[in-house]
Protein chains: 2
Amino acid sequence: MAESSTNYSYCVDPAWQGRADCANCVIRNMMLFSELPLNSFDNLLQPIVHERYDAGALLYHQCEVGTEVLSIRRGLVKLVLLSADGSERIVRLLGGGAVIGLELLDKSTAYRHSAIALQEVDLCRIPLTTLANLYSRHPELCKSVGLQLQHQVDQTDRWIMQLNTGKARTRIAEMLLFLEEANAGQDGVIELISRDDMAAVVGITKETASRVIAEFKRQGLLHHVTPSTYRLETQRLRELIAQEAKHG
Amino acid sequence: MAESSTNYSYCVDPAWQGRADCANCVIRNMMLFSELPLNSFDNLLQPIVHERYDAGALLYHQCEVGTEVLSIRRGLVKLVLLSADGSERIVRLLGGGAVIGLELLDKSTAYRHSAIALQEVDLCRIPLTTLANLYSRHPELCKSVGLQLQHQVDQTDRWIMQLNTGKARTRIAEMLLFLEEANAGQDGVIELISRDDMAAVVGITKETASRVIAEFKRQGLLHHVTPSTYRLETQRLRELIAQEAKHG
DNA sequence: CGGTAAATTGACTGCTCTCAATTTACGTGG
DNA sequence: CCACGTAAATTGAGAGCAGTCAATTTACCG
């Protein structure tokens, strides 16, 4: 199991930031406020801030008292649970369109996970007060929140079923296909995550993850494209998964 | 992994049923409609039906087209995902106060799991039309739905972290503690689930589950109380879990 | 009391973990 | 641009835990 030896740098001063322009948001149709009329964002007491973070940045920390919900515009974010003994487990990977920190709406004051950027990430920080403000004028916003939660439930169900069941080879294969979908992978080209992160996703050790990935490379299921990206042989990966399943 | 050799009997004609009396519901304060005024339930076009099922009854089936959300009043229900190869995985255990089938609100037509009673279960079937009806008059109902979803997210996170991580002994111990909480166990007395179900919960084989439970009995962590119930030594179980963690 | 399903137990295999060594990749500073 | 240092990834060897298959016992329902 992965050790939490890493000290994630807390990005207090993000590389890029500014007041968000929700009305002209490029991916507005996938975002939390997609159902709201364009003029809803005038006169907000607290502005919605648009920020950019580098890979590795800590967006918020488990148990930290929070006052903002984060809407991801671009890039991949991991939600991590820390256990008593220092090991950590990744319970979700979320990309553009996802909203994290929604547990704050549940009367609680603290975030329930640590959220860490796995790639360069663009996001909007939405203060709870702003959300309450918008909500009072647009109750239908609640439906969007419900959809967000339902998506997270769905992802976690898949997490258990596909990524945390079966042999290591199968799990890693499923994880690669998952990454490909999350990345909206052009032509099956994805950015791999670290072996530690793979291990924390599928519940094996980093050594086993490394062995499996190395084997996949040798078998031509993974092709080096650029220093940081790989192309997946998605069809063959799917066959491999089906094969393991049949064997039982 | 557990095989889906069992054919669950579809309980079309439940043992006990009648129109629900929501205004006088004994556990109204934990239910979906707890925030609604008492007179909201008059003039409903479609009645909310109260039903009772035996252990083993199939409440609904994965992929079945559904028109009702189920509010559990009493008893334990498992949500099961079936994989391509016939193996199954339990992704949630829900008791009184939980609402299942909420994925139907998400524009989808089919249930995403199979729901099966693990004990005698009392529940209310709430037609989607009734829910829409109530919702139009009481938008605050949306908040209750959000809470339900958030609870399910929280349970699934714990599921991955505690019940699907570590050695078999640890997982089973965590599962027993989970059952104890779900049962609101009097004095730590719980009704055990089958070894197959345990296996499908924590992701091991039924044989390993059996070995661990047998060992726990021998070590006095589990005491026979009645033919169907056992008392847990919760404190010692917690110590066992902490022990395994330290060893790492 | 008999029949069937569930649980237990055994023996053996095989996968994954663990610990350790080595190689590769990467960012920094010369 | 290259040299260097550190972190990440790869690989090996051995042990241990869980999976598999099979036999036996126990529990439960009629």
Side-chain angles (χ1 to χ4, degrees), chain A residues 1-9 54-56 85 87 118 164-173 191-219 222 224-230 243-248, chain B residues 1-9 54-56 85-87 118 163-173 175 191-219 222 224-230 240 243-248:
Chain A
M1 214 91 308
E3 294 294 323
S4 70
S5 52
T6 321
N7 266 331
Y8 301 105
S9 59
D54 287 331
D85 61 315
S87 65
L118 289 180
N164 278 285
T165 301
K167 299 192 200 297
R169 200 131 30 89
T170 315
R171 297 189 190 191
I172 294 289
E191 201 173 313
L192 285 187
I193 61 179
S194 76
R195 304 300 172 267
D196 279 286
D197 282 338
M198 291 182 187
V201 166
V202 303
I204 58 177
T205 58
K206 60 169 176 285
E207 290 91 343
T208 301
S210 176
R211 271 183 251 271
V212 172
I213 290 290
E215 188 193 337
F216 282 180
K217 284 179 186 170
R218 282 190 288 268
Q219 296 178 346
L222 269 178
H224 216 114
V225 177
T226 77
S228 67
T229 61
Y230 287 80
Q243 201 59 34
E244 302 262 9
K246 224 178 310 179
H247 229 280
Chain B
M1 213 92 308
E3 293 296 322
S4 70
S5 52
T6 321
N7 266 329
Y8 299 104
S9 60
D54 287 331
D85 61 315
S87 64
L118 289 180
L163 306 184
N164 278 284
T165 302
K167 299 190 200 299
R169 201 128 30 88
T170 315
R171 296 189 190 192
I172 294 289
M175 185 221 57
E191 201 172 313
L192 284 187
I193 61 179
S194 76
R195 304 299 172 268
D196 280 286
D197 283 338
M198 291 182 187
V201 166
V202 304
I204 58 177
T205 59
K206 58 169 178 284
E207 289 91 343
T208 300
S210 177
R211 271 183 251 271
V212 172
I213 290 290
E215 188 193 338
F216 282 180
K217 284 179 186 170
R218 283 190 287 270
Q219 297 177 346
L222 269 178
H224 216 116
V225 177
T226 78
S228 67
T229 61
Y230 287 80
L240 182 148
Q243 201 59 33
E244 302 261 10
K246 223 180 310 178
H247 231 279

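- The side chain of Lys167(A) has dT16(C) as its nearest neighbour among dA18(D), dT16(C), dC17(C).
- Atom pair Ile204(A):CD1 and dT10(D):C1' shows a separation of 14 Å (rounding to whole Å applied).
- The CD1 atom of Ile172(B) sits 16 Å away from the P atom of dC17(D) (whole-angstrom rounding).
- In summary, of the residues considered (Thr170(A), Ile172(A), Asp197(A), Thr165(A)), a side-chain contact (heavy atoms from CB on, under 4.5 Å) with Val202(A) occurs for Ile172(A) alone.
- In the set dT16(C), dT10(D), dT20(D), dT16(C) carries the atom at the smallest distance from any side-chain atom of Ala168(A).
- Of the residues near DNA chain C, Ile193(B) and Ala209(A), the one whose nearest nucleotide (by heavy atom distance) lies more toward the 5' end is Ile193(B).
- Atom pair Glu191(B):CD and dC28(D):P shows a separation of 12 Å (rounding to whole Å applied).
- One can place CD1 of Ile213(A) at 12 Å from P of dT11(D), the figure rounded to the nearest angstrom.
- The phosphate of dT8(C) has neither OP1 nor OP2 within less than 4.0 Å of any side-chain N or O from Arg218(B).
- Side chain of Arg171(A) to main chain of Gly166(A): a donor-acceptor pair is present (N/O by atom type, distance under 3.5 Å, no hydrogens or angles).
- Nucleotide dT11(D) holds its C1' atom 13 Å from the CZ atom of Arg195(A), rounded to whole Å.
- Whole-Å rounding puts the Phe216(B) CZ to dT9(C) P distance at 14 Å.
- By the 4.5 Å heavy-atom criterion applied to side chains, Met198(B) and Val212(B) are not counted as neighbours.
- Between Lys206(B) and dT20(D) there is no side-chain polar atom (N or O) within less than 4.0 angstrom of OP1 or OP2.
- Considering only side-chain atoms of Thr205(A), the nucleotide from dA9(D), dT18(C), dT8(C) that sits closest is dT18(C).
- Ion pairing between a basic and an acidic side chain is recognised when a charged N comes within 4.0 Å of a carboxylate O; Glu244(B) and Lys167(B) show no such pairing.
- Of all nucleotides listed (dT11(D), dT16(C), dT10(D)), dT16(C) comes nearest to the side chain of Thr208(A).
- Rounded to whole angstrom, the span from the CD atom of Glu244(A) across to the C1' atom of dC15(C) amounts to 11 Å.
- In this structure, His224(A) and Arg211(A) both approach DNA chain C, and ranking their closest nucleotides by distance from the 5' end singles out Arg211(A).
- The side chain of Glu207(B) lies closest to dC21(D), out of dC21(D), dA7(C), dC17(C).
- Among dA9(D), dA7(C), dT18(C), the nucleotide with an atom closest to any side-chain atom of Asp196(B) is dA7(C).
- Contact annotation: side chain of Arg171(A) to base of dT16(C), donor-acceptor pair absent below 3.5 Å.
- Summarising the geometry, the separation between CE on Met198(B) and P on dA7(C) is reported as 8 Å, rounded to the nearest angstrom.
- Between Val225(B) and Tyr230(B), the shortest heavy-atom distance links the atoms CG2-C, 4.0 Å.
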